[in-house]
Amino acid sequence: MKPSWRIKLYFAYTLTGILFTFSACKKESENSGILTEEQQWILDSMKVYYYYANQIPTSPDVNVNGNTFFKSLLYASDRFSYMENPNEVKSEYSSFAWYGFEYALLLTDVRGWVGVVTLVAPGGPSDKQGLKRGDVFTTVNGIQINASTESSVKLVLKQGKGVQLQTVKLENSLFKEGAVVTIAFSRFNEMPVYMTRVFNNGSKKVGYIFYNKFDGGQDYAVLDSLAKLKEEGVSELIIDLRYNPGGDVSSAAKIAALLAPVSAEQVFAIYQANANGGRLVKSFLNVINENIYLPQSFDVISSRRLKLERVIFLTTAATASASELLINVLKPYISVTQIGETTIGKDMASFAITDQRIPAIFSNVLHPLIFKLYNAKGKGDYSGGIIPDNMVEELANLPLTPLGDSKDPLISKALMLIGNSFVAQSANRSQQVMRTIPGFSSAEQRSIGAKDMEVSKLLPIVH
């Protein structure tokens with residue numbers, strides 16, 4: 001059964017929403033009579049829109065299916081362009097899509113390979129079964145986690161047929177069996193703001209917000225949460241994006257306008273396309289108005305603006321797309337500090353390309369990388385990820401603390417940088433520490449493979 005919620009990758013736009021100077025393409029005469037009609041449509045579309053159009057092979061292999069042909073056109077370093085058939089029934093998603101939890105597989109010095117729950121969606125199936133961030137499990141549906149079973153474990157967690165996790169607890173340097181947690185798939189609606197809190201040392205207040213997806217339909221949730229932190233009088237803000245895979249770019253523009261002293265017409269981002277598309281400079285107002293999600297009034301948004309000395313972002317290798325864009329576009333306007341791990345490196349935007357003929361001949365939808373994204377000072381090019389100012393690996397030592405806990409290594413580092421002793425109620429933390437070697441992260445995999453399920457309307461490609 002297909003999950004009800006949508007994951008949004010990149011930043012979808014309609015062609016009418018951006019004034020392109022892309023020219024219509026022509027068939028390549030040297031391929032006439034060799035390529036199938038679908039392959040020709042794919043090739044022509046890519047030559048017009050694809051950012052790396054000048055890197056497309058001159059003689060691609062035609063003895064393959066459409067999806068393989070599309071992949072053969074991609075630039076070697078392109079990890080994110082993809083083609084999909086919206087009519088195709090899919091059976092594999094992610095543990096988060098089915099059960100509302102993320103996990104990491106780690107090699108520990110106490111027990112060998114284990115699974116660690118890194119995130120649980122409030123109100124999701126796992127949350128309802130009592131699973132918590134920091135829980136450790138050793139088997140999935142009876143499969144013991146080790147180096148040889150890793151692929152089997154990951155497959156079970158992607159299929160949505162129900163899972164049983166054998167949990168364990170660390171006591172006196174030994175693991176003891178805990179509860180068996182049984183989780184079945186059920187539909188749930190993830191709210192983007194998991195929590196907010198204020199750290200207070202008596203003279204300064206620091207706000208904290210855990211924000212896990214840029215969902216335009218829930219913009220009021222994040223804007224209201226930030227407005228409440230303003231009412232609390234915070235002067236610095238920690239934004240936790242450690243597992244945020246991205247989403248609506250308009251949401252990023254609204255959040256940025258709420259945090260930084262910018263005007264509606266100042267540059268939000270610069271979009272650099274290939275030679276056909278050129279360079280587009282988009283203001284905050286331009287981007288905020290590119291969809292129907294409320295609020296759209298820049299004045300309404302800016303009236304809630306916080307007065308901040310600095311914004312601190314918490315990141316991991318799963319922080320992607322609109323999350324990275326938000327970090328980059330704020331740097332010209334406000335002091336930004338990044339703590340954690342290097343982000344995933346989605347520094348480009350995409351939109352969907354469909355066959356617009358009536359009736360359409362091809363059902364496949366192309367999602368090639370179209371734009372490189374830069375901030376108002378022309379800074380970007382972070383395809384290798386945005387490197388933090390302070391490197392901290394949250395999974396280097398276990399157990400994990402709850403989100404928002406001042407003992408969390410990323411939050412602790414942020415509070416230390418601010419330079420004062422902050423008082424915040426902290427959950428009990430075992431003194432037993434497992435040292436680990438990172439293995440697999442489901443959140444990182446989800447961010448790499450996140451797809452925009454909305455199809456933008458484009459003018460037909462002319463052959």
Side-chain angles (χ1 to χ4, degrees), residues 7-11 50-56 71 73-82 102 104 118 211-214 239-247 249 252 256 268-274 277 279 311-332 335-351 367-396 409-410 413-414 437-452:
I7 302 173
K8 296 181 179 180
L9 181 62
Y10 313 137
F11 321 119
Y50 189 41
Y51 181 81
Y52 300 106
N54 60 355
Q55 300 292 329
I56 293 175
K71 291 179 180 178
L73 305 181
L74 301 182
Y75 183 50
S77 64
D78 181 356
R79 296 176 287 160
F80 305 118
S81 293
Y82 65 96
E102 301 282 16
T118 55
Y211 184 60
N212 204 48
K213 66 174 179 176
F214 291 77
I239 303 182
D240 201 332
L241 301 175
R242 68 183 77 189
Y243 309 123
N244 192 316
V249 68
F268 172 72
I270 299 168
Y271 299 68
Q272 181 62 56
N274 63 22
R279 181 174 178 268
V311 180
I312 299 175
F313 289 101
L314 308 184
T315 65
T316 67
T319 305
S321 196
S323 295
E324 296 170 290
L325 180 66
L326 176 61
I327 295 169
N328 192 47
V329 300
L330 275 176
K331 289 180 177 179
S335 177
V336 170
T337 299
Q338 182 184 341
I339 298 171
E341 301 168 50
T342 302
T343 62
I344 206 166
K346 286 186 178 179
D347 65 343
M348 299 189 70
S350 176
F351 54 66
H367 297 264
L369 298 178
I370 307 294
F371 300 104
K372 275 276 191 182
L373 302 171
Y374 299 90
N375 65 24
K377 291 187 175 180
K379 301 295 185 181
D381 290 317
Y382 47 87
S383 60
I386 305 177
I387 301 172
D389 303 289
N390 295 269
M391 187 73 72
V392 180
E393 295 182 15
E394 74 162 346
L395 292 171
L410 279 68
K413 182 66 174 181
I437 297 175
F440 169 81
S441 165
S442 67
E444 184 177 348
Q445 182 187 53
R446 186 165 70 102
S447 292
I448 291 174
K451 296 182 179 181
D452 184 350

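Both backbone and side-chain heavy atoms feed into the values below; hydrogens, waters and symmetry mates do not.
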Check ring-ring contact (aromatic ring centres under 6.0 Å, His included) between Y50 and all other residues, then give those that pass, not counting sequence neighbours. Y52

So, for G247 and A322, which heavy atoms are closest and what is the spacing to 0.1 Å? N-CB, 3.8 Å

Contact between Y75 and L369 at the side-chain level, heavy atoms closer than 4.5 Å - yes or no? no

When rounded to the nearest 0.5 Å, the distance separating CG of N244 from CD1 of I239 is 10.5 Å

Apply side chain to side chain contact (heavy atoms under 4.5 Å, CB included) to the pair T343 and Q338, showing each step before the final yes or no. CA-CA 10 Å; T343 62; Q338 182 184 341; 3.7 Å; yes

How close do A376 and P332 get, heavy atom to heavy atom, and via which atoms? N-CG, 4.0 Å

Note, E393 side chain near L395 side chain (heavy atom, < 4.5 Å): no

For the pair T319 (side chain) and L241 (backbone), establish whether a donor and an acceptor sit closer than 3.5 Å, ignoring hydrogens and angles. yes

CG-CG distance between N375 and L326, expressed to the nearest 0.5 angstrom: 12.0 Å

Does E394 have any salt bridge (Lys or Arg N to Asp or Glu O under 4.0 Å) partners at least two apart in sequence or in another chain, and if so, which? R133, R242

Please confirm whether the backbone N or O of L373 pairs with a side-chain atom of D347, one donor and one acceptor, at under 3.5 Å? no

Does some side-chain heavy atom of I339 sit less than 4.5 Å from a side-chain heavy atom of I312? yes

Any side-chain heavy-atom pair from S383 and K372 closer than 4.5 angstrom? yes

For a 4.5 angstrom cut-off between non-hydrogen side-chain atoms, does V311 reach S335? no

Residues two or more places apart in sequence or in another chain: which of them pass side chain to side chain donor-acceptor pair (under 3.5 Å) with E102? S442, R446

Closer than 3.5 angstrom, by distance alone: can the side chain of T118 be matched with the main-chain N or O of A104 as a donor-acceptor pair? no

Go through it in stages, so that I can follow the logic: the residues are T342 and M391, the test is side chain to side chain contact (heavy atoms under 4.5 Å, CB included), and I'd like the CA-CA distance, side-chain angles, deciding distance and then a yes or no. CA-CA 8 Å; T342 302; M391 187 73 72; 3.8 Å; yes

Only counting residues at least two apart or in another chain, list the ones meeting side chain to side chain donor-acceptor pair (under 3.5 Å) with K331. none

Between CG of N54 and CG of N274, what distance do you get to the nearest 0.5 Å? 8.0 Å

F268: which residues meet the ring-ring contact (aromatic ring centres under 6.0 Å, His included) condition with it, sequence neighbours left out? F284

Y374 meets the side chain to side chain donor-acceptor pair (under 3.5 Å) criterion, sequence neighbours left out, with D381

First locate atom CD1 of I344, then atom CD1 of I386, and finally report the distance between them rounded to the nearest 0.5 Å. 12.0 Å

Please work out whether the ring planes of Y82 and H367 are parallel, tilted or perpendicular, with thresholds of 30° and 60°. parallel

Taking E444's backbone N and O only, do any of them form a donor-acceptor pair with S447's side chain (distance below 3.5 Å, no angle check)? no

Rounded to the nearest 0.5 Å, what's the gap from NZ on K346 to CD1 on I448? Could you check? 8.0 Å

Here the gap from E324 atom CD to T315 atom OG1, rounded to the nearest 0.5 Å, amounts to 8.5 Å

Side-chain donor or acceptor of Y211 paired with backbone N/O of K213 under 3.5 Å: yes

Min side-chain heavy-atom separation P368-Y51 under 4.5 Å: no

Sub-4.5 Å side-chain heavy-atom contact between V249 and F214: no

